[in-house]
Number of protein chains: 2
Amino acid sequence: MSDLKPPSFVSAQMVADRAGVSRSAVSRTFTDGASVSEATRRKVLEAADALGYHVNHLARGLRERSNIVCLVVADMTTPIRARMVDVLTRKLQASGKITMVINTETDTESVSAALRQTLNYRADATVVLSGTPPASLIETCLANGQQVILINRDERLQGSSNLGVDNAMAGREALFLLRRAGCERLGLITSNAHTASLVEREKVFVAAAAAEGVQVVVTEAGPTSYESGQEAARRVFGRSEAPDGVFCVTDLLALGFMDVARQDFGLKIPDDLCVVGFDDIEQAGWASYQLTTFRQPLNPMADEVVDLLLQPQRAVSERRMIEPIPVWRRSVRPGKH
Amino acid sequence: MSDLKPPSFVSAQMVADRAGVSRSAVSRTFTDGASVSEATRRKVLEAADALGYHVNHLARGLRERSNIVCLVVADMTTPIRARMVDVLTRKLQASGKITMVINTETDTESVSAALRQTLNYRADATVVLSGTPPASLIETCLANGQQVILINRDERLQGSSNLGVDNAMAGREALFLLRRAGCERLGLITSNAHTASLVEREKVFVAAAAAEGVQVVVTEAGPTSYESGQEAARRVFGRSEAPDGVFCVTDLLALGFMDVARQDFGLKIPDDLCVVGFDDIEQAGWASYQLTTFRQPLNPMADEVVDLLLQPQRAVSERRMIEPIPVWRRSVRPGKH
DNA sequence: ATAGCGATTGCACACAAGTGCATTTTTTCG
DNA sequence: CGAAAAAATGCACTTGTGTGCAATCGCTAT
């Protein structure tokens, strides 16, 4: 009773001993397509079950691929990021991968550290959702046979697989929707994050407006969040000439903007003010908001990621672009026909 | 130029060869407190840098602890879960652990599969946020030296460390708030998930009301979500005797409930109807809702988890209870003094 | 100069798996 | 029944680490 050895994982050797076979037999039992007789197989499985044996995937990963995929992500509480992580972990799991999440800041140093962790754990691939890693580190990953997949990141990094939504299309379409609704004084709300995606949406929107001879008042608030949207609205409607149509580069910004516009400035949406967002987070569809926005097609994006993982040779660096899906709700007046 | 060998990870041996030292020297260079002269150390670091060497944590995990912690979670898109995952990954990382996320359904079979994966990857510990694993499997984990930490789960499982918020307190306090606001006809909205936490909040609320001689109409909607809250509101206000004070066992339910109550039934909150939620998700604080609710103290909970990991002997099964923090907002009338 | 001593270093093993190859065992077929 | 083919098995090596142990190196003190 007194010999309490510290509990530890049971190895294939122990199973072999108990079943009265060689360790190879145990290994073969748990390897698809290996040659084991039904008799020994049964003995092994029985012993394994009795001892609570589980194949050590770390040891397996020593020889071949580890089946580990790292997800580098910041701002995980953001609804859109949470959904991305959810969808990706789901799909990766379904294709036999396991996900390691590295929760990082967006600054380069944090992302670099994250990427190095990724190498430490011999991940088959790293999927970067936030921040932009330095090119040299990406090269190191590639040199080590690790795939790097960047989602909605700056596309100038060579060697990595790039994947993102068509921000330009959203910018153009946002303008079209607001103009069709009869908006004359346009505004654009963005954050101080200056992500490539955000910047592109902004640029294209402003350019498209300029092409129609319409000016856009650009307001830059704090980080990408509900509160920043509120702050932006207070600034925008505190000025003399208030807009009657606004494109917020993110749903979260849009929702904060809407709340302040309605509650603090008494505006009716869409009668006095039309709002367009981007992402189609769950809350955009809530009854209080009914925000017209662009859905990031997360499932197709995740499918694409899995596809890239399974066929690494496809990963030759040109950027795969996915069309966002316009979602018409009530925050924009319908066009008159 | 033509010998393009497939890229693969660089090992300590390669570094040793390049630096002209033994592999042990390389290993010691990257091990704290090991004995290496400054000269070889420099040579090794230089070679490692040139080759892009990174210690293989999987191989390291073969001998000692893996530093891997598995997070078993369902419904990751739910704001409260997203925050939990965020906080946990952050804190675990800060204490030198890496997080594997297993995204599962809540049914026992899925959770079991997840737990087995956990064993396959030799995780030091498994943290279960959703679903309830069978006791036998928990025993297997423990027998293999793996800690099991259940958060907000049913507390009857022995051997595991249990950790959760004080649901009873929330139930009592919710009743107190609604009664103080002068509510006479009480309602409780719950989902069909029947989690131990949800059930306890419900039971205590109903019991506390009974103790005051007040009846509670309990409405059970679909899964725990905004839509279920909407559905519940339609049912509740379609009936003859509508409540003037409602406790929703979850913020998401509460927000859906509020939207329908206001927009479809023209009720004013808190004048015609008081609402109390639970979780304090970000949206509960948004201007459109201003929901009075109970905050789950996620940071202290995560600290507790990390604490349990670092001092495994403390993990002796009694349930650690954390007080939720009441957050007073405008969805409940203040009491009259 | 040489013994003594502490700091380095390398060998060899352990960790837990998968697998090529040679060796048995079983099955099949003449 | 016996030979050939097929299937099953075990040995030994591989993967990349960390580390105990013994050997070596460099330095100091006698």
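Chain naming here is simple, since letters A, B, ... match the order of the sequence lines and numbering starts at 1 in each. What's counted below: heavy atoms across the whole structure, side chains too, no hydrogens, waters or symmetry copies.
Applying the 4.0 Å criterion to OP1 and OP2 of C:dA7, one finds that B:S35 has every side-chain N and O outside that range. Distances shorter than 4.0 Å separate none of the side-chain N or O atoms of B:T40 from OP1 or OP2 on C:dT8. Between A:S37 and D:dA8, a side-chain N or O to OP1/OP2 separation shorter than 4.0 Å is absent. An OP1 or OP2 oxygen of C:dA16 is reached within less than 4.0 angstrom by no side-chain nitrogen or oxygen of A:S27. Between B:Y53 and D:dT17, a side-chain N or O to OP1/OP2 separation shorter than 4.0 Å is present.
Residue B:E64 is classed as a sugar-phosphate contact, given heavy-atom separations below 4.0 Å to backbone atoms only. Among the atoms of the strands shown, base atoms are found under 4.0 Å from some heavy atom of B:R63. Across all strands, A:V26 comes closer than 4.0 Å to no nucleic acid atom at all (heavy-atom distances). Across all strands, B:S11 comes closer than 4.0 Å only to sugar-phosphate atoms, never to a base (heavy-atom distances). Residue B:S24 is classed as a base contact, given a heavy-atom separation below 4.0 Å to a base. The residue A:R122 sits close only to the backbone: its heavy atoms come under 4.0 Å of sugar-phosphate atoms, none of a base. Among the heavy atoms of the strands lying under 4.0 Å from B:T31 are primed sugar atoms or P, OP1, OP2 only; no base atom is included.
To the nearest angstrom, C1' of D:dG18 lies 9 Å from CZ of B:R60. Separating the CZ atom of A:R41 from the C1' atom of D:dT9 is a distance of 16 Å, rounded to the nearest angstrom. Distance, A:N56 CG to C:dA14 P: 18 Å, rounded to whole Å. For the pair B:K43 NZ and C:dT9 P, the computed distance is 8 Å after rounding to whole Å. We find that CG of A:N67 is positioned 20 Å from P of D:dT15, with the value rounded to whole Å. Taking atom CG of residue A:D32 and atom P of nucleotide C:dA17, one finds them 16 Å apart after rounding to whole Å. Atom-to-atom, CD of A:Q13 to C1' of D:dA12 comes out at 14 Å; the value is rounded to the nearest Å. Summarising the geometry, the separation between CZ on B:R65 and P on D:dG18 is reported as 15 Å, rounded to the nearest angstrom.
The side chain of B:V36 approaches C:dT9 more closely than any other nucleotide in the set C:dA16, C:dG18, C:dT9. For B:A12, the side-chain atoms get nearest to D:dT17 when compared with the rest of D:dG10, C:dG10, D:dT17. Considering only side-chain atoms of B:R28, the nucleotide from C:dC11, D:dG16, C:dG18 that sits closest is C:dC11.
Under the 6.0 Å cut-off for aromatic ring centres, B:Y53 and B:F9 do not qualify, their centroids lying 6.0 Å or more apart.
A salt bridge is defined here as a Lys NZ or Arg NE, NH1 or NH2 lying under 4.0 Å from an Asp or Glu carboxylate O, and B:E38 with B:K43 fails to meet this definition.
Comparing A:H54 and B:S22, the nucleotide of DNA chain C nearest to each residue sits closer to the 5' end for B:S22.
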Report task. Could you check A:T126 against A:Q147 for side-chain hydrogen bond (donor to acceptor under 3.5 Å, both in side chains), going step by step and ending with a plain yes or no? Result -> CA-CA 6 Å; A:T126 297; A:Q147 269 184 83; over 6 Å; no
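The number of heavy atoms from other shown groups lying within 6.0 Å of CZ (B:R83) does not exceed 12. Around CD of A:E46, the count of heavy atoms belonging to other residues, nucleotides or ligands within 6.0 Å does not exceed 12.
The shortest side-chain heavy-atom distance between B:M100 and B:V69 does not fall under the 4.5 Å cut-off.
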